[in-house]
Amino acid sequence: MPLSIRSLALAFLLISGVVHAEETYPVHPDTQVKDGVPRGKVTAHQFSDSKVFPGTQRDYFLYVPAQYDPMKPAALMVFQDGQKYVRENSTWRVPTVFDNLIHEGAMPVTIALCINPGVVPGGDQAQNRFNRSFEYDTVSDRYASFLVDEMIPEVRKRYNITDDPNMRAIGGSSSGAIAAFGVAWHRPDQFRRVFSTVGTYVGLRGGNEYPTLVRKSEPKPIRVFLQDGRNDLNIYGGSWWHANTSMLSALRWAGYQVNHAWGDGGHNGKHGSAIMPDAMRWLWQDFEKPIEAPFGDHPELTARLIEGEGWQLVSTGHRYTEGPAVSPEGGVFFVDGPKGEIWKVDADASSATKFLDMPSVSALMFDAKGRLYCARNKAKTLTRVDADGTQTDLMTGKSCNDLVVLDHGVYFTGPDEQAIWYLPHGADKPIKAGTGPEKPNGLIVTPDRRFLLVVDSLGRYVWSYLIGADGMLRFGQPYGYLHSSQDEVRTAGDGCTMAEDGSLLVATKLGIQIFDQPGRVHLITSRPTGVQRFSNCVLAGPEMTTLYVTCGKHVYRRETKIKGIAPWQPAVKPEKPRL
């Protein structure tokens, strides 16, 4: 008897593996209520006063273990899509699992904040606006700020919770998982343990960038547990299975503490909830010991930075620091633009002293004779300060935000016009030498003095130009690709400096992004705690290997293996890069 069309279709699906057996997993004993184990309590709450996500309303739930002592700060774990983790008959059974593991000592006394995504009510005869994907899938620190600045203070109104990021964990499933990873990634000063099941590290809102950022960024002090199944989603945003295995590969390559549980299941919580007790044991193991950022297994890191050499504060209390420069005598100078001041780093490199008042100063650069050139943006003036203190205005009438000084002239950028300007030595009027970037900002010359590199602070690229014999810029193209958080409208690329091997260092919101000669970022450094972005950078010190960065009110430095080269030094031809 011939098979029906339905039977043929079912047979094809079975052969192709699209239809698979119903997922079943053994019942883990730690998901069951046990005699003699104290039971915690769950309370329900609402929050509708968000400034980060205005207009949203959401429910959240607090699990508090029986062992909680108001006199002792409790650990904290946050779950996205919170209701499903605490509701009756939930497969996740967070209260029961936590009761058992806390009683056993496998995890600390931990309060769980289980929070739902926000909803903006649309009103009568209208659909609501559902914030879940916007809050969870976006690659930025916005959701982290919501938790840290708005939700944790709500918990603190009721309970005593720790400030120690080592004693804070965060978890979720699907989009809730990428949200959990994103919070720890952007704010390791707040959360350092991540539980991710069927995580959405795909191209919905830029989550597919995370494996790349993990490989390129200076490692962070976080521990990650990943779970997924081979029959997870494979749709317009990507393959969840391949995205999760890519995340595992990236975390391993970068040396992170990472564990995983792979299965054959689909996009659901069955496998994740079944292995949750064991995942919690691993995630919280040795919780008394701090989680450290890995170093030795990251080849791009070990080639450029020094283990144990972090950021050291040089100067603080300024309004906005910018424009660092190194002199032929080895001095490091920077500006406080709003105050119109030039500062010099003291000989011990641990403090700075005001050097000179210079209204509207925004950037500095020395020439080989030790003369200091000052870009004065709001004054639309370029001023030179000679060794004897004599000041000469070389040019007026053009905005001059940043500059580079060569033996034949000065190149500078200004925010008022989409152009790079050239002032030959001895001339009093600049020439429009090149165009291209939407907002030209920091600029530097290559070690051989043949190419000028210009950062576009509104775009995603560093532009490269060949410097002609007449000083004009030729063959400009968007050359070096800058990374940013996916919901950022700009990279915030700003000042830059050059290494002797042709590597370019650019100050951005993510950190110092270090390029090879062909324009590819190999490493993104960390930022000091509390610093939102870098404004500029320079390599200085006896061996030109000390990296100085300006950032808001502060100036920091760190020792590196990167040897810098200043435009006043003799030209050097870098070796041919790997293409």
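As the structure is a computational prediction, the values presented were derived from the model and not from experiment.
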Which label fits Trp185 and Phe181: parallel for a plane angle under 30°, tilted from 30 to 60°, or perpendicular past 60°?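 Judged by the thresholds at 30° and 60°, the geometry between Trp185 and Phe181 is parallel.
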List for me each residue that meets salt bridge (charged side-chain N to carboxylate O under 4.0 Å, His left out) alongside Asp393, sequence neighbours excluded, and say none if there are none.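 Once residues adjacent in sequence are excluded, the partners of Asp393 under the salt bridge (charged side-chain N to carboxylate O under 4.0 Å, His left out) criterion are Arg376.
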Set of side-chain hydrogen bond (donor to acceptor under 3.5 Å, both in side chains) partners for Ser133, sequence neighbours left out: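 Partners of Ser133 by the side-chain hydrogen bond (donor to acceptor under 3.5 Å, both in side chains) criterion, ordered by chain and then number, come out as Asp137, Arg205.
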Residues which pass side-chain hydrogen bond (donor to acceptor under 3.5 Å, both in side chains) with Arg192, listed by chain and number, not counting sequence neighbours: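 Per chain and number, Arg192 pairs via side-chain hydrogen bond (donor to acceptor under 3.5 Å, both in side chains) with no residue.
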Ring pair (Phe, Tyr, Trp, His ring centres under 6.0 Å) partners of Phe366, counting only residues at least two apart: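 Only Phe333 meet the ring pair (Phe, Tyr, Trp, His ring centres under 6.0 Å) criterion with Phe366.
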Among residues at least two apart in sequence or on other chains, which ones pass ring pair (Phe, Tyr, Trp, His ring centres under 6.0 Å) with Phe146?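 Residues passing ring pair (Phe, Tyr, Trp, His ring centres under 6.0 Å) with Phe146: Phe53, Tyr143.
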For Trp463 together with Tyr481, are the ring centres under 6.0 Å from each other?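 That pair fails the under 6.0 Å test.
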Without placing hydrogens or testing angles, list every side-chain donor-acceptor pair under 3.5 Å for residues 446-454, not counting sequence neighbours.
from   : atom 1 : to     : atom 2 : distance (Å)
Thr446 : OG1    : Asp448 : OD1    : 2.7
Thr446 : OG1    : Phe451 : N      : 3.2
Thr446 : OG1    : Phe451 : O      : 3.3
Asp448 : OD1    : Arg450 : N      : 3.1
Arg449 : NE     : Pro567 : O      : 3.4
Arg449 : NH1    : Thr446 : O      : 3.2
Arg449 : NH1    : Pro447 : O      : 2.9
Arg449 : NH2    : Ala566 : O      : 3.1
Arg449 : NH2    : Pro567 : O      : 3.4
Arg449 : NH2    : Gln569 : O      : 2.5

Could you check whether Asp386 pairs with Arg384 (Lys NZ or Arg NE/NH1/NH2 to Asp/Glu carboxylate O, under 4.0 Å)?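 Salt bridge present between Asp386 and Arg384.
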Could Arg193 and Trp282 be counted as a cation-pi pair, given that NZ or CZ must be under 6.0 Å from the ring centre and within 45° of the axis?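 Verdict for Trp282: no cation-pi partner in Arg193.
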Partners of [X] by side chain to side chain contact (heavy atoms under 4.5 Å, CB included), sequence neighbours excluded?
X	result
Lys378	Ser360
Ser249	Arg215
Gln312	Arg557
Lys369	Asp367, Arg371

Kindly state each residue pair satisfying salt bridge (charged side-chain N to carboxylate O under 4.0 Å, His left out) with at least one member in residues 470-482, sequence neighbours excluded.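 Sorted result for residues 470-482: Asp470-Arg474.
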Using distance only, find each side-chain donor-acceptor pair of residues 420-436 under 3.5 Å and give its atom names and separation, not counting sequence neighbours.
from   : atom 1 : to     : atom 2 : distance (Å)
Tyr422 : OH     : His408 : O      : 3.0
Tyr422 : OH     : His408 : ND1    : 2.8
His425 : NE2    : Leu406 : O      : 2.8
His425 : NE2    : Gly409 : N      : 3.3

If you take all heavy atoms of Val332 and Ala540, which pair is closest and at what distance?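 Looking at all heavy atoms of both residues, the closest pair is CG2-CB, 3.4 Å.
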